[in-house]
Asker: 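Have a look at this one before I ask anything.
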Amino acid sequence: MKISVEHAPLEENEVILRCSNLDQEMLWVLSILRSGLQKLCAWDERREVTLLSPSEVVYCESVDDHTFLYTSAEVYQTALSLAELEGRYGSLGLFRAGKSSIVNLHRVRALKSQPGGRIEVTLETEERLVVSRHYAPLLRERLGL
C-alpha cells in the first residue's frame with residue numbers, strides 16, 4: 001500500500017482512499033478512520049457521562065444485567081447490551097469472547113490455546129480473558145489463524 005500525505009490550507013482535514021477494489025486491507029483502514037468518529041456514551045461511578053472512542057475500550061463485561069466498559073484506567077457503565085456493542089462496533093475491533101464478554105482485538109497482546117478449544121487472551125492491561133469454545137473458531141477466522 002502506498003501512503004501519501006499532503007499539507008494544504010484547508011478548512012477541514014480530508015482523507016481520500018483510492019483502491020482498485022475494497023479488500024480486507026482497505027476495510028481495516030476504513031475501520032480505523034471511522035473509530036475516531038464514533039463515540040460510545042458511558043458513565044462512571046459518580047454518574048458523570050463520558051463519550052468514549054471504541055478504541056479506548058479494552059474489554060466489556062455483562063454482570064447482573066449491567067454492561068461495564070473497561071479502559072486502561074477506568075471502569076464505565078453503558079446502557080447498551082453486549083449484543084448492541086458487538087453490532088455497532090464489531091467492525092472496529094470489538095469481538096464477542098463469550099456469553100458475557102467482549103474483547104477489543106486491537107488491545108490483545110497475546111493468545112494462548114486452552115483445553116476444550118478455548119483461547120486465553122492477554123490484554124495490554126495484563127488482564128486475561130477466556131474466549132469460549134463457541135467463539136474461538138470465529139476468532140481464529142477473524143485473525144487469519
Side-chain angles (χ1 to χ4, degrees), residues 1 3-5 7 10-19 21-145:
M1 173 178 9
I3 299 175
S4 301
V5 177
H7 297 277
L10 300 170
E11 288 184 29
E12 183 179 7
N13 289 334
E14 178 182 26
V15 176
I16 299 171
L17 297 176
R18 290 189 184 94
C19 56
N21 61 354
L22 204 54
D23 59 10
Q24 284 298 105
E25 184 180 42
M26 293 307 287
L27 289 172
W28 180 76
V29 170
L30 274 171
S31 74
I32 289 173
L33 291 171
R34 287 185 178 144
S35 69
L37 302 174
Q38 295 187 17
K39 295 296 180 186
L40 210 150
C41 185
W43 60 90
D44 60 19
E45 62 187 21
R46 298 177 306 277
R47 306 290 281 171
E48 291 181 18
V49 174
T50 301
L51 296 177
L52 296 173
S53 169
S55 63
E56 292 178 80
V57 176
V58 178
Y59 71 98
C60 311
E61 181 179 47
S62 178
V63 178
D64 296 330
D65 294 325
H66 297 285
T67 305
F68 296 94
L69 308 174
Y70 297 85
T71 66
S72 297
E74 299 287 333
V75 178
Y76 297 94
Q77 192 172 338
T78 182
L80 298 175
S81 68
L82 290 182
E84 290 170 320
L85 288 169
E86 180 183 26
R88 290 183 191 185
Y89 306 108
S91 64
L92 302 176
L94 295 188
F95 178 81
R96 182 64 79 112
K99 186 173 149 183
S100 62
S101 63
I102 287 178
V103 64
N104 186 340
L105 296 178
H106 300 293
R107 301 300 205 103
V108 171
R109 179 173 286 159
L111 301 169
K112 183 178 178 182
S113 290
Q114 295 290 308
R118 299 175 305 156
I119 300 173
E120 181 183 79
V121 174
T122 303
L123 301 166
E124 290 176 347
T125 57
E126 298 301 325
E127 292 181 80
R128 291 187 168 95
L129 295 176
V130 175
V131 177
S132 74
R133 63 186 175 131
H134 176 76
Y135 293 101
L138 300 171
L139 177 62
R140 286 184 182 95
E141 180 182 321
R142 180 114 175 236
L143 298 176
L145 300 175

Asker: Return yes when atom CG of Asp64 has more than 12 non-hydrogen atoms of other residues, nucleotides or ligands closer than 6.0 Å, and no otherwise.
Answerer: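 Not buried by this count: 12 neighbours or fewer within 6.0 Å.
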
Asker: Please tell me if the side chains of Val108 and Val103 come closer than 4.5 Å, counting only heavy atoms from C-beta onward.
Answerer: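 In contact.
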
Asker: Run Val57 and Tyr76 through side chain to side chain contact (heavy atoms under 4.5 Å, CB included) and show every step you take.
Answerer: CA-CA 10 Å; Val57 176; Tyr76 297 94; over 6 Å; no

Asker: To the nearest 0.5 Å, tell me how far Tyr135 OH sits from Arg118 CZ.
Answerer: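 Here the rounded value is 15.5 Å.
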
Asker: Using 30° and 60° as the class boundaries, would you call the ring planes of Tyr59 and Tyr70 parallel, tilted or perpendicular?
Answerer: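 Aromatic pair Tyr59/Tyr70 classed parallel.
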
Asker: Atom OG of Ser55 and atom CG of Asn104: how far apart are they, to the nearest 0.5 Å?
Answerer: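 Result: 7.5 Å between the selected atoms.
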
Asker: Any side-chain donor-acceptor pair under 3.5 Å between Arg107 and Ser72?
Answerer: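 Side-chain D/A pair, Arg107 to Ser72: present.
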
Asker: Decide side chain to side chain contact (heavy atoms under 4.5 Å, CB included) for Leu123 and Leu129; before the verdict, give the C-alpha distance in whole Å, the side-chain angles of both, and the deciding distance to 0.1 Å.
Answerer: CA-CA 8 Å; Leu123 301 166; Leu129 295 176; 4.0 Å; yes

Asker: Taking the side chain as everything from C-beta on, heavy atoms only, tell me whether Leu111 gets closer than 4.5 Å to Leu139.
Answerer: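 Counting from C-beta outward, Leu111 and Leu139 do come under 4.5 Å.
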
Asker: Supply the atom-to-atom distance Leu69 CG to Leu94 CG, rounded to the nearest 0.5 angstrom.
Answerer: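 Separation between the atoms: 9.0 Å.
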
Asker: Looking only at non-hydrogen atoms, find the nearest pair between Glu48 and Asp44 and report the distance.
Answerer: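 That would be N-OD1, 3.0 Å.
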
Asker: Could I get the full list of salt bridge (Lys or Arg N to Asp or Glu O under 4.0 Å) partners for Glu11, not counting sequence neighbours?
Answerer: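 Applying salt bridge (Lys or Arg N to Asp or Glu O under 4.0 Å) to Glu11 gives none.
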
Asker: Looking at every non-hydrogen atom in both residues, tell me the closest pair between Met26 and Leu17 and how far apart they are.
Answerer: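 Taking Met26 first and Leu17 second, the nearest heavy atoms are CE-CB, 3.7 Å.
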
Asker: Restricting to non-hydrogen atoms, name the atom on Gly117 and the atom on Ala136 that form the minimum distance, rounded to 0.1 Å.
Answerer: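 Smallest interatomic distance, heavy atoms only, reads O-CB, 3.1 Å.
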
Asker: Is the shortest heavy-atom distance from the side chain of Ser113 to the side chain of Arg140 under 4.5 Å?
Answerer: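 They are in side-chain contact.
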
Asker: What closest approach, in Å, do Arg109 and Glu124 show between heavy atoms, and which atom pair accounts for it?
Answerer: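 For Arg109 and Glu124, the tightest heavy-atom pair comes out as NH2-O, 3.5 Å.
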
Asker: Between OH of Tyr89 and CG of Leu80, what distance do you get to the nearest 0.5 Å?
Answerer: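 So the OH of Tyr89 and the CG of Leu80 are separated by 6.0 Å.
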
Asker: In the structure I gave you, are the side-chain heavy atoms of Leu82 and Arg96 within less than 4.5 Å of one another anywhere?
Answerer: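 A side-chain contact exists here, since the closest heavy-atom pair is under 4.5 Å.
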
Asker: When you compare the side chain of Glu86 with that of Ile102, does any pair of heavy atoms fall below 4.5 Å?
Answerer: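 When only atoms from C-beta onward are counted, Glu86 and Ile102 do touch, with a gap below 4.5 Å.
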
Asker: Within the distance-only criterion (no hydrogens, no angle test), does the side chain of Glu56 pair as donor or acceptor with the backbone N or O of Ser53 below 3.5 angstrom?
Answerer: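 Yes: the side chain of Glu56 pairs with the backbone of Ser53.
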
Asker: Determine the minimum heavy-atom distance between Cys41 and Thr78, stating which atoms define it.
Answerer: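 Smallest interatomic distance, heavy atoms only, reads O-OG1, 3.1 Å.
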
Asker: Please indicate whether Arg142 has more than 12 foreign heavy atoms, meaning atoms of other residues, nucleotides or ligands, lying under 6.0 Å from its CZ.
Answerer: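 Yes, CZ of Arg142 has more than 12 neighbouring heavy atoms, counting only those of other groups under 6.0 Å.
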
Asker: Can you tell me how far CG of Leu85 sits from CG of Leu40, rounded to the nearest 0.5 angstrom?
Answerer: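 Spacing of CG (Leu40) from CG (Leu85) equals 5.5 Å.
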
Asker: Where is the tightest heavy-atom contact between Gln114 and Ile119, given as atom of each residue plus distance?
Answerer: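 Minimum heavy-atom separation between Gln114 and Ile119: CG-C, 4.2 Å.
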
Asker: Output, in order, the C-alpha distance, side-chain angles, deciding distance and verdict of side chain to side chain contact (heavy atoms under 4.5 Å, CB included) for Val121 and Val130.
Answerer: CA-CA 6 Å; Val121 174; Val130 175; over 6 Å; no

